[in-house]
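Count residues from 1 along the sequence.
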Amino acid sequence: MYRKWVKRLLDILLSGAALVVLCIPMGVIALWIKLDSPGPVLFRQKRVGKNKVLFDILKFRTMRTDTPHDMPTHMLKNPDAFITKSGHFLRKTSLDELPQLWNIFVGQMSVIGPRPALWNQYDLIEERDKYGANDVTPGLTGWAQVNGRDELEIPVKARLDGEYVQHLGFAMDLKCFLRTITSVLGHEGVVEGGTGALHEAEQQKTQTK
């Protein structure tokens, strides 16, 4: 019952309330982006939704308009060179994700769930297939995000997404929600160009010993 009805109802109530409460702060952010660099306020990108149906995810634009559009940040040669001044702050605080409240409200995403992969992240999509993580609605935050976020390698991220699917329920969603708050406040796991950064850092430490 939770998966089929309650979870969706909570998504509508939470995202709808947040859109109303945060409309003024979001307007201020939009103005800041517009004044900071030329280009649109919102960034749209094809992502993988439930059952691998593609949808357009919404974000506040944090990078220059000449940034390669469908390339994950960690694959850019020098991601910092593309990020705008406002973008550095928005990404560090995760405020760039706020427009996804609309994706949640219309049912393309959930508050909690596996983060939606880029349409061309075939390695992550394939790994998630092993755990059934492509069969649930993707989320604004999830179990992998509160256990490493950008620092995780793809096989680890997919396995954690699978753990979420296996234990999907109100208790799991509440745990993810509360841990997300502490992760965001502590800026945990945010590494520009950082998928697998934790593993790389550990390798570097080993090599210097």
Hey, could you give me the [atom1]/[atom2] distance between [X] and [Y], rounded to the nearest 0.5 Å?
| X | Y | atom1 | atom2 | result |
| --- | --- | --- | --- | --- |
| Asp96 | Ile83 | CG | CD1 | 9.5 Å |
| Ile57 | Glu97 | CD1 | CD | 6.5 Å |
| Leu98 | Met26 | CG | CE | 5.5 Å |

Pairs where residues 125-148 contributes a residue and the test ring-ring contact (aromatic ring centres under 6.0 Å, His included) is met, not counting sequence neighbours: none
Are [Y] and [X] connected into the same hydrophobic cluster when the rule is that any two of I, L, V, M, F, W, Y join if their side-chain heavy atoms are below 4.5 Å apart?
| X | Y | answer |
| --- | --- | --- |
| Phe43 | Leu31 | no |
| Val48 | Tyr122 | yes |
| Met109 | Leu13 | no |

Glu163: partners by salt bridge (charged side-chain N to carboxylate O under 4.0 Å, His left out), with sequence neighbours left out: Arg159
With sequence neighbours excluded, residues passing salt bridge (charged side-chain N to carboxylate O under 4.0 Å, His left out) with Lys34: none
Polar side-chain atom of Lys52 near backbone of Ile125 as donor-acceptor pair, under 3.5 Å: no
Arg115 (side chain) donor-acceptor with Thr141 (main chain) under 3.5 angstrom: no
Counterpart residues, ring-ring contact (aromatic ring centres under 6.0 Å, His included), relative to Phe89 (two or more places apart): Trp32
Set of ring-ring contact (aromatic ring centres under 6.0 Å, His included) partners for Phe105, sequence neighbours left out: Trp102
Residues in side chain to side chain contact (heavy atoms under 4.5 Å, CB included) contact with Asp66, at least two apart in sequence or another chain: Arg64, Phe82
Pairing of Asp56 and Lys46 as salt bridge, 4.0 angstrom limit: yes
